[in-house]
Amino acid sequence: MNNRTYLPGRYVLYRMQASVRITNNQALFHAIRLANELNLPLKVVFRLDASFPEANYRHFEFLIQGLKDFASGVSLLGCEFEIRTGTLEEAFLEPLSNAACVVTDKGYLRIQRDWSGWLGEHAPCKVIEVEDNLIVPVESASHKGEWAARTLRPKITDKLPYFTSELEDEIPVLTCRKEASPELSALNERILTSTLEKLRSDAWLIPVAMKGGEQEANRLLDVFVKDKLASYDNDRNDPSLVATSRLSAYLHFGFISPVEIWKAVEKYPESAPFIEQLVVRRELAHNYIWFTKNYDSYNSLPEWSRKSLELHEPDKRPFVYDLNLLEEAATHDASWNAAMREMIQTGFMENTMRMYWGKKLIEWSATPQEAYHRMSYLNNRYFLDGRDANSFTGIGWCFGLHDRPWQERSVFGMVRYMNEAGLYRKYNMNAYIGKWS
DNA sequence: ATCGGCTCGCGCAA
DNA sequence: TGCGCGAAGCCGAT
């Protein structure tokens, strides 16, 4: 990431940000191997940034559960783990000043790229970035923003065998081990507690039942492979069933590696539709945010769909709702209200309903731009997997991104339309609505 | 119940 | 330059 050299230092520093896990954490593994080569201990630092845009209590509670999980796991490896708060300078200048070199994991969001850029610039020593939250690294998959899944798919499938065969799964043994210091773990604990306390008053939202951390992620993966994979293709779209892996939030925080998921499912012949989601669709989402500067703005949507939506901006909407009415799940549409309640109560929504929910927001907002803002706001506020590549791309899809045009109609123009009758025709909507009433 | 048409632009084949 | 094709659609005709 920078052209600097190894320095005489007290430790190798692993700056953990996007991969909060021990299992298949290639950045951590690389840092351990490097520490062994240099005959130095390893220090892991995570910066907990309570001012992360749009993050609130529920996101931090989930993340902090994962950090606690990591802390107990990493202490067994014999390395020091420190959670630091404050600005980048406050968090990193001191740890950087004693580092021989730095290893960091890779994030794809604009803010994560900015942080990594800062690290590359401000570290006096060598900084190495390890990409371990995609199976095929984003720039290896494609050198440009792809038009749709079908243009990326062949590129990904060609490279998948290579990127699933090279990786080491065994955690390397650290040579210079350090006993976990009780003072440091007490300090970490205080930081976690005070961050949550602050957010509890600032940005309180109903707590969700989903529990963060890599242990829970691994448990969900086991449940999925054992009980759901066989019927996944058949049941995944029915929102009344719990037929999907529900691992998206765990992937978002790096509690689980996509490679680990791939390894758990690939041996089953019925895994193809799931792998399409895990690999092709997920890589496409990352391709979009990586190659599109303003991936979170209406103006980055494809030209054909924006033009078409704007042409139909004067069209009369059948219903126009204020944001507070939407947030209260108080529309005329029982399916939509149920989806909104699922989102608020659980921080999650089944994929079919994410699409339907988004399409209706377009229909019930005065302009497509307003619909885009509302969709982004609600996604980021309530979903545990919000502010993720998949989330931004999913919002875009509702507006025609990575999709094709359809017969022109009111309000939507040529952007794909969905209606409630379609849901009732295909799925058990009464069961779904009953679940969230 | 099933089926064609709708519509744009990419990328491959020619 | 032409042509096939595409994350989950809808709608009207048969």
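The shown structure was predicted, so the numbers you read here are calculated from the model rather than taken from an experiment. We name chains A, B, ... by the order of the sequence lines, and we start the count at 1 in each one.
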Salt bridge (charged side-chain N to carboxylate O under 4.0 Å, His left out) filter on A/R281, not counting sequence neighbours, yields none
With A/K159, which residues qualify under salt bridge (charged side-chain N to carboxylate O under 4.0 Å, His left out), at least two apart?
-> none
Mind checking side-chain hydrogen bond (donor to acceptor under 3.5 Å, both in side chains) for A/R150 and listing every partner two or more places apart, or none if nothing turns up?
-> none
Under 4.0 Å between a Lys/Arg side-chain N and an Asp/Glu carboxylate O for A/R219 and A/E216?
-> yes
When we call it a touch if two heavy atoms are under 4.0 Å apart, what does A/E408 touch: a base, just sugar-phosphate, or nothing?
-> nothing
Hey, does the side chain of A/S19 reach the backbone of A/D105 with a donor-acceptor pair shorter than 3.5 angstrom?
-> no
Remember a base hit wins even if backbone is also touched, and classify A/A149 as base, sugar-phosphate or nothing at under 4.0 Å, heavy atoms.
-> sugar-phosphate
Distance, rounded to the nearest Å, where A/E363 contributes CD and C/dC10 contributes P = 12 Å
Looking at every strand, decide which applies to A/K144 at a 4.0 Å heavy-atom threshold: base, sugar-phosphate, or nothing.
-> sugar-phosphate
Of all residues at least two apart in sequence or in a different chain, which pass the side-chain hydrogen bond (donor to acceptor under 3.5 Å, both in side chains) check with A/H30?
-> none
Expressed as a whole number of Å, how far does the C1' atom of C/dA7 sit from that of B/dA1?
-> 24 Å
Value in whole Å for how far the P atom of C/dA8 lies from CE of A/M353 = 17 Å
Residue pairs passing the salt bridge (charged side-chain N to carboxylate O under 4.0 Å, His left out) test with at least one member in residues 347-363 of chain A, sequence neighbours excluded, are A/R246-A/E350, A/R354-A/D385, A/K360-A/E363
Rounded to whole angstrom units, what separation is found between the NZ atom of A/K359 and the C1' atom of C/dC10?
-> 12 Å
Given the P atoms of C/dG12 and B/dT7, what is the spacing between them in whole Å?
-> 15 Å
Whole-Å distance separating the CZ atom of A/F274 from the P atom of C/dA8 | 20 Å
I'd like a table of atom pairs between the protein and nucleotides 11-14 of chain C - only N or O on both sides, under 3.5 Å - with the distance next to each one.
| from | atom 1 | to | atom 2 | distance (Å) |
| --- | --- | --- | --- | --- |
| C/dC11 | OP1 | A/R409 | NH2 | 2.8 |
| C/dC11 | OP2 | A/N419 | ND2 | 2.9 |

Just how far, in rounded Å, is P of C/dA8 from CG of A/D233?
-> 14 Å
Can a cation-pi geometry be assigned to A/R47 and A/F92, taking NZ or CZ under 6.0 Å from the six-membered ring centre and within 45° of the ring axis?
-> no
At the 4.0 Å heavy-atom cut-off to chain A, mark where contacts on DNA chain B begin and end, going 5' to 3'.
-> B/dG5 to B/dG11
Let me know the distance between NE2 of A/H402 and C1' of C/dC5, rounded to the nearest Å.
-> 17 Å
Between A/R416 (CZ) and C/dC10 (P), how many Å, whole number?
-> 9 Å
Check every strand shown and say whether A/R354 touches a base, only sugar-phosphate, or nothing at a heavy-atom separation below 4.0 Å.
-> nothing
List for me each residue that meets side-chain hydrogen bond (donor to acceptor under 3.5 Å, both in side chains) alongside A/W118, sequence neighbours excluded, and say none if there are none.
-> A/E89, A/H122
Non-neighbouring partners of A/R236 that pass salt bridge (charged side-chain N to carboxylate O under 4.0 Å, His left out), sequence neighbours left out = A/D233
Partners of A/D132 by salt bridge (charged side-chain N to carboxylate O under 4.0 Å, His left out), sequence neighbours excluded?
-> A/R21
How is A/W406 classified with respect to the nucleic acid when contacts are heavy atoms under 4.0 Å: base, sugar-phosphate, or nothing?
-> base
Between B/dG11 and C/dA8 - C1' atom distance, rounded Å = 24 Å
What would the secondary structure line of DNA chain C be in dot-bracket form, counting Watson-Crick and G-U wobble pairs under 3.5 Å, with [ ] for pairs that cross earlier ones and | for pairs with another strand?
-> ||||||..||||||
All side-chain hydrogen bond (donor to acceptor under 3.5 Å, both in side chains) counterparts of A/N2, not counting sequence neighbours | none
Separation of C/dA8 atom P from A/D238 atom CG, nearest Å, is 18 Å
Counting any heavy atom closer than 4.0 Å, what does A/M355 reach on the DNA or RNA strands: base, sugar-phosphate only, or nothing?
-> base
